[in-house]
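Right, one structure below, let's go through it.
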Amino acid sequence: MRLAVIGSGYVGLVTGVCLADFGHSVVCVDKDPAKIAALNAGRMPIYEPGLSDLVAENVAQGRLAFVTELGPVVAQAEAVFIAVGTPSRRGDGFADMTYVREAAQEIGRSLKGFTVIVTKSTVPVGEGDVVERIVREIAPGADFAVVSNPEFLREGAAISDFKRPDRIVIGVDDPRAEAVMREIYRPLYLNAAPILVMGRRTAELTKYAANAFLATKITFINEIAELCESVGADVQAVARGIGLDGRIGSKFLHAGPGYGGSCFPKDTLALVKTAQDHEVPLRIVETVVAVNDSRKRAMARKVIRACGGSVRGKTVAMLGLTFKPDTDDMREAPSLAIATGLQDAGAKVRAYDPEGLEQARPLMPGVDFAADAYACAEGADAVVIVTEWNAFRALDLARLRAIMATPVLIDLRNIYEPETARRHGFCYTSVGRPGDGPALSA
Ligand code: NAD
């Protein structure tokens, strides 16, 4: 099938290359000429494991191309995926639909023959109706249907998530469009990926409900971790103890510095706003948003406590800046709030990340950047592990201790065993484990 994908970011690029890999003929469009030039020169504008090879392979096979001009591509496509950004609108937290609506207008101007317009971007419930109205106004005689097909991939595992999804959600009210969508995803029948066909509004809400639920799970275990610290319990054991219960499940039960990234923060907030507008406040999600916001800054205070109550004039080394490993995405990363909190308290912050330095630099004024973990820790008064990159899981602790000014290690991802770290002479603090909280009275 001939497909177009509008927006070649984390989702659009992965969608485009994976659909091409299924055998479809795909053109990815982006309005950013630098991004398209890079892609055409074989350079990836984002870091995602396996992406570069898959793009090269599909370009070489003639199934995948990158362009900036949308019109001719839309005119030839049987389905057009909208995969542009839907960030938080500045000031009020609603999802900003500017890019989606601009894309809808541009599509409307170029439609030829029956075309399925697929919103892959995460959009508030009812946005499919808006896209339909925009296109209809611009092209009153056009033959098209608007479908919601939200994306559930995780950055860092995006290609395998796209190719082996837990489910494919298709919100569609038009049988012809449903047939097109089933044909697009037919190669996944082999993997027995369930295709859930539902109403468009239901599909739009399903995406937000999924993200809000996962954000709630993370926030829940983070609060339990706080309680563990106060009562001398171990959150890792609690998480395992509840996670093995099939009704609960063990994923998203890792205590840490709070969720970040390009999706959970903006999507939870947008859901809260949509619900308030409909006078059905989602109080649980509202609380999750508030608890998570305060947690990121609280992690800076945790570091300060671990440093003996003050970081003024001290050098704090941060290992890992991206919101999670295996991505270069810095959007809403906890590292940003932690670095600012430490700088506000008078610390000099030095940082290292395996893939995120380029994106981090403009977002972290006043921070010094190091070329590797050890250069970052050299002479530091404390090392904070913020993101659990594999490269930080097996640091040479003896070497680390030897090069630091004072051996204070704060592990916000619990990737070390407290005993191991203490045996190497570190004053070690983690999240929600015995010894991490205030000293207990009997
Ligand atoms: P992104 O910012 O990485 O990419 C968006 C791209 O769209 C940019 O390259 C931008 O230049 C381009 N663009 C904007 N308007 C355009 C237009 N009119 N024509 C052509 N290109 C245009 O965003 P992303 O992280 O890929 O997210 C896209 C959507 O997918 C969002 O709604 C997001 O919530 C959702 N989503 C993201 C993830 C994720 O892990 N990043 C996962 C699931 C869903």
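Since this is a predicted model, take the numbers as computed values, not measurements. We count ligands from 1, going down the list as the structure has it; atoms in each ligand are counted the same way.
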Side chains of Gln276 and Glu286: is there a donor and an acceptor less than 3.5 Å apart? yes

The atoms of ligand 1 lying under 4.0 Å from a heavy atom of Glu106, numbered in the order shown, are 18 (N)

To atom 12 (C) of ligand 1, the nearest of Thr15, Asp30, Val84 on a heavy-atom basis is Asp30

Under 3.5 Å between any N/O of Ser262 and any N/O of ligand 1: does that happen in this structure? yes

Enumerate the atoms of ligand 1 whose separation from the nearest heavy atom of Glu151 is less than 4.0 angstrom. 43 (C), 44 (C)

Got an N/O contact under 3.5 Å between Thr122 and ligand 1? yes

Any nitrogen or oxygen of Tyr10, main chain or side chain, under 3.5 Å from a nitrogen or oxygen of ligand 1? yes

Nearest non-hydrogen protein atom, atom 4 (O) of ligand 1: Gly9 CA, 3.3 Å

Tell me: protein heavy atom nearest atom 19 (N) of ligand 1, and distance? Ile6 CG2, 3.5 Å

Taking only non-hydrogen atoms of Gly7 and a 4.0 Å limit, the atoms of ligand 1 in range are 6 (C), 7 (O), 12 (C), 21 (N)

Is it the case that Arg295 and Asn292 place a side-chain donor and acceptor less than 3.5 Å from each other? no

Does ligand 1 have any atom that is closer than 4.0 Å to a heavy atom of Lys207? yes

Taking the side chain as everything from C-beta on, heavy atoms only, tell me whether Val84 gets closer than 4.5 Å to Ile6. yes

Between the main-chain N or O of Ser430 and the side-chain N or O of Asp436, is there a donor-acceptor pair closer than 3.5 Å? yes

Between Thr429 and Lys302, does any side-chain donor sit less than 3.5 Å from a side-chain acceptor? no

What protein heavy atom is closest to atom 20 (C) of ligand 1, reported as residue, atom name and distance in Å? Lys31 N, 3.3 Å

With atoms numbered from 1 as shown, which atoms in ligand 1 lie under 4.0 angstrom from a non-hydrogen atom of Val11? 26 (O), 30 (O), 36 (N), 37 (C), 38 (C), 39 (C), 42 (C), 43 (C), 44 (C)

Side chain, backbone, both or neither: which part of Pro150 comes within less than 4.0 Å of ligand 1 when only heavy atoms are counted? neither

Sub-4.0 Å atoms of ligand 1 with respect to non-hydrogen atoms of Gly85: 5 (C)

Could you tell me how the ring of Phe162 sits relative to the ring of Tyr185: parallel (under 30°), tilted (30 to 60°) or perpendicular (over 60°)? tilted

So is there a nitrogen or oxygen of Lys120 less than 3.5 Å from a nitrogen or oxygen in ligand 1? no

For the residue pair Phe392 and Tyr352, does the interplanar ring angle fall in the parallel (under 30°), tilted (30 to 60°) or perpendicular (over 60°) class? perpendicular

I'd like to check Val197 versus Arg182 (side-chain heavy atoms, cut-off strictly below 4.5 Å). Are they in contact? yes

Apply the side chain to side chain contact (heavy atoms under 4.5 Å, CB included) test between Leu319 and each candidate in Asp372, Val384, Leu395, Asp353; give the one that qualifies. Leu395

May I ask you to check if Arg361 and Phe369 form a cation-pi contact, with NZ or CZ under 6.0 angstrom from the six-membered ring centre and within 45° of the axis? yes

Which ligand 1 atoms are under 4.0 Å away from a heavy-atom of Arg331? 1 (P), 2 (O), 3 (O), 23 (O), 25 (O)

Under 4.0 Å from ligand 1, counting heavy atoms only, is it the side chain of Ser121, its backbone, both or neither? both

Quick note on ligand 1: atoms under 4.0 Å from a heavy atom of Lys266 include exactly 33 (C), 34 (O)

Distance filter under 4.0 Å to Thr86 heavy atoms, resulting ligand 1 atoms: 31 (C), 32 (O), 34 (O)

Can you confirm whether the side chains of Gln236 and Asn414 place a donor and an acceptor under 3.5 Å from each other? yes

Cut-off 3.5 Å, side chains only: do Tyr428 and Arg433 have a donor facing an acceptor? yes

Name the closest protein heavy atom to atom 41 (N) of ligand 1, giving the residue it belongs to and the distance to 0.1 Å. Glu155 OE2, 2.7 Å

